[in-house]
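This report concerns only the one structure given below.
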Protein chains: 2
Amino acid sequence: MAASVPPSNSGLPSRAAELDAPAFSPLYQQIKTLIVRSLQAGEWKPGEAIPSEIDLASRFKVSQGTVRKAIDELSTENLLVRRQGKGTFVATHAEQHVQYRFLRLAPDDGEEGGAQRRLIDCKRMRAPADVAKSLNLKSGDTVVLIRRVLSFRGSPVVLDDIWLPGQMFKGLTAEKLTEYRGPMYRLFETEWGIRMIRAEEKIRAVAADEAAAELLQLAAGTPLLSVERLSLTYDDKPVELRRGLYNTSSHHYRNELS
Amino acid sequence: MAASVPPSNSGLPSRAAELDAPAFSPLYQQIKTLIVRSLQAGEWKPGEAIPSEIDLASRFKVSQGTVRKAIDELSTENLLVRRQGKGTFVATHAEQHVQYRFLRLAPDDGEEGGAQRRLIDCKRMRAPADVAKSLNLKSGDTVVLIRRVLSFRGSPVVLDDIWLPGQMFKGLTAEKLTEYRGPMYRLFETEWGIRMIRAEEKIRAVAADEAAAELLQLAAGTPLLSVERLSLTYDDKPVELRRGLYNTSSHHYRNELS
DNA sequence: GAGTGGTCTAGACCACGGC
DNA sequence: CCGTGGTCTAGACCACTCG
């Protein structure tokens with residue numbers, strides 16, 4: 001970390017031997033990288049507070065303002081959560097102000113109400129080619145397939161097929177899933193230390209096939225929202241492929257554009 | 001604008017006579033409001049540069065850092081665009097790095113390729129109740145209804161019904177729409193000074209009815225993505241209701257979650 | 001070289017939360 | 001009361017753009 005005198009870009013990253021590359025990284029960017037490394041290494045766990053800005057500033061030998069800018073960005077990226085007067089905390093999928101941070105489904109009338117989960121299946125198998133490709137696995141690697149249904153006010157609305165790298169999720173069993181109270185992503189954090197940071201979704205309209213129709217209690221051929229979600233952890237490493245079918249007869253997928 | 005000495009919240013807004021309200025608004029927030037007012041009033045037009053940070057700082061009698069923070073936020077809200085070495089510019093739907101800033105449809109294979117537009121209809125009428133409600137109009141107010149089809153590589157993919165407040169869009173005719181080259185939102189900016197800032201979408205899966213099926217050249221009953229978009233201008237005032245039907249057989253709606 | 005945004009620092013003070 | 005994040009200032013220097 002460049003000290004007080006000329007901040008002449010003498011930090012850790014950048015300075016790579018790539019010709020004609022910009023190869024300039026501001027100090028606060030380097031601090032960001034260092035903080036993310038610590039998060040990744042588990043130095044501070046989800047829900048815990050990280051050191052205060054002043055502490056971090058002295059640790060990295062930079063001014064508080066520089067640490068502040070780094071934390072600001074990590075905060076807008078939802079890796080950290082600032083709480084005035086209390087401190088800065090590692091973001092978590094539990095106790096998040098909203099449960100189901102990644103589920104964009106909303107009831108047409110306002111009435112929220114929690115979801116009931118029903119586990120249909122949970123097994124280990126060899127990854128199909130397309131799944132392997134999305135998860136950056138070798139074809140033939142083992143994956144966990146979870147199939148489940150979410151119901152709202154008694155009506156089944158979401159059918160999810162969830163694919164996870166078998167290597168990462170050792171000991172994931174149907175029992176663990178059914179026993180656990182709380183969001184699945186919270187279980188992933190506490191049990192395997194895997195945090196979903198962001199996700200990319202591809203959405204289309206499809207007709208319900210026989211299997212889906214039965215599980216969602218509707219007629220085959222009914223139009224359903226198909227939501228394919230690839231969830232990523234630090235460094236944009238993909239760790240979950242989720243294929244959901246949503247019955248949108250009384251719910252909708254909401255999105256904000258800007 | 002509070003001068004150099006105690007920045008004791010003596011700005012323009014806040015300080016309202018509302019009891020037990022927080023009633024504290026940081027300086028940079030007040031600056032933000034002032035800048036938005038100028039944008040709204042058309043002091044700087046889309047695509048133009050706004051005054052430099054130093055100029056604005058002296059104009060508002062605050063430090064450059066405070067103006068900077070205000071502009072930073074307006075920039076992440078996509079109202080302004082910063083360009084190092086050149087200045088800060090009013091965001092526009094034209095010449096935006098991507099055309100169709102609000103259209104989240106992507107082809108399944110990477111191949112981009114522009115859209116062909118075909119205008120089906122453009123007429124003025126009394127607003128249906130639901131449309132009036134969404135657009136904050138009185139039922140019976142006149143609205144413009146535009147119906148059009150977007151095609152990619154020759155295949156019709158999107159059928160849009162676009163509802164606009166008649167009062168705001170005086171002189172909008174089918175001719176104007178067909179003549180104009182470039183995104184519709186750009187036309188709205190130049191012709192009526194109306195800028196779409198952000199939008200909210202509700203997405204569901206529906207079956208194609210006869211009319212939609214014919215226009216999109218597919219069988220009735222085919223599952224389609226229904227995208228209802230409410231576009232807002234400054235102050236979150238709704239100015240467009242757009243109901244789109246997307247054929248997602250070779251395209252998908254992409255979304256980023258974080 | 002002049003002008004613009006971008007980074008970094010140092011220090012003062014304010015608002016909030018909890019002991 | 002103290003410690004935390006939040007705001008504001010002032011000034012220095014860097015990187016980018018353009019004439």
Side-chain angles (χ1 to χ4, degrees), chain A residues 1-11 14-15 20-33 35 44 48-58 60-76 80-91, chain B residues 1-11 13-15 20-33 35 44 48-76 80-91:
Chain A
M1 282 317 83
S4 46
V5 219
S8 50
N9 199 29
S10 52
S14 78
R15 216 81 229 173
D20 60 73
F24 164 75
S25 167
L27 242 193
Y28 75 85
Q29 265 294 355
Q30 306 176 31
I31 303 297
K32 260 182 79 173
T33 304
I35 294 176
W44 315 301
E48 287 181 9
I50 71 171
S52 76
E53 296 179 351
I54 294 175
D55 287 353
L56 288 173
S58 79
F60 295 135
K61 302 280 202 306
V62 297
S63 81
Q64 185 186 0
T66 301
V67 169
R68 169 161 276 273
K69 176 138 188 178
I71 293 181
D72 274 348
E73 293 205 350
L74 292 173
S75 178
T76 68
L80 297 176
V81 177
R82 319 192 74 140
R83 269 181 274 206
Q84 182 174 119
K86 299 182 68 174
T88 302
F89 299 78
V90 181
Chain B
M1 280 316 81
S4 46
V5 218
S8 49
N9 200 30
S10 52
S14 79
R15 216 82 231 172
D20 60 73
F24 163 75
S25 167
L27 242 192
Y28 75 86
Q29 265 294 354
Q30 305 177 31
I31 303 297
K32 260 182 80 171
T33 303
I35 294 177
W44 315 300
E48 287 181 9
I50 71 172
S52 75
E53 296 179 350
I54 293 175
D55 286 353
L56 288 174
S58 78
R59 164 166 164 179
F60 295 135
K61 302 281 201 305
V62 297
S63 80
Q64 186 186 0
T66 301
V67 170
R68 169 159 276 274
K69 177 139 187 176
I71 293 180
D72 275 347
E73 294 204 351
L74 291 173
S75 178
T76 67
L80 297 175
V81 177
R82 318 193 74 142
R83 269 180 271 199
Q84 182 173 118
K86 300 182 69 175
T88 301
F89 299 78
V90 182

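Residue numbers begin at 1 in each chain, while the letters A, B, ... track the order of the sequences.
- Considering OG1 of A:T66 and CD1 of A:I31, their distance stands at 7.0 Å, rounded to 0.5 Å.
- To the nearest angstrom, C1' of C:dG5 lies 15 Å from CG of B:L74.
- If you take CG of B:L80 and C1' of C:dG6, they are 16 Å apart, rounded to a whole angstrom.
- In this structure, A:Q29 places its CD atom 14 Å from P of C:dG6, rounding to the nearest Å.
- Shortest non-hydrogen contact noted between B:Y28 and B:A70 is O-CB, 3.6 Å.
- Comparing atom distances between the A:L27 side chain and each of D:dT7, C:dC8, D:dT9 picks out C:dC8 as nearest.
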Tabulate protein N/O versus nucleotide N/O from nucleotides 2-5 of chain D, keeping only pairs under 3.5 Å, one per line.
unit_1: D:dG3; atom_1: N2; unit_2: A:G85; atom_2: O; d: 2.8
unit_1: D:dT4; atom_1: O2; unit_2: A:G85; atom_2: N; d: 3.3
unit_1: D:dG5; atom_1: OP1; unit_2: A:T88; atom_2: OG1; d: 3.3
unit_1: D:dG5; atom_1: OP2; unit_2: A:E53; atom_2: N; d: 3.0

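- Looking at heavy atoms from C-beta onward, A:D72 lies out of side-chain contact with A:S75 at the 4.5 angstrom threshold.
- A straight line from CD of B:E73 to C1' of D:dT7 spans 12 Å, rounded to a whole angstrom.
- Taking atom CZ on B:F89 and atom P on C:dT4, their separation rounds to 11 Å, with Å as the unit.
- Comparing D:dT7, C:dT9, D:dA10 by their closest approach to the side chain of B:K69 singles out D:dT7.
- Considering every non-hydrogen atom in both B:Q30 and B:S25, the closest pair reads NE2-O, 2.9 Å.
- What separates CG of B:L56 from P of D:dT9 is a distance of 14 Å, to the nearest Å.
- Closest heavy-atom contact between B:F60 and B:I35: CE1-CG1, 4.1 Å.
- Here D:dT9 presents its P atom at 13 Å from NZ of B:K61, a figure rounded to the nearest Å.
- What separates CZ of A:F24 from P of C:dG6 is a distance of 12 Å, to the nearest Å.
- Note that CG of B:L27 and NZ of B:K32 are 14.0 Å apart. Values are rounded to the nearest 0.5 Å.
- Note on B:T66: every side-chain N or O is 4.0 Å or more away from OP1 and OP2 of D:dT7.
- Inter-residue side-chain proximity for A:I71 and A:L56 is flagged as met; some heavy-atom pair is nearer than 4.5 Å.
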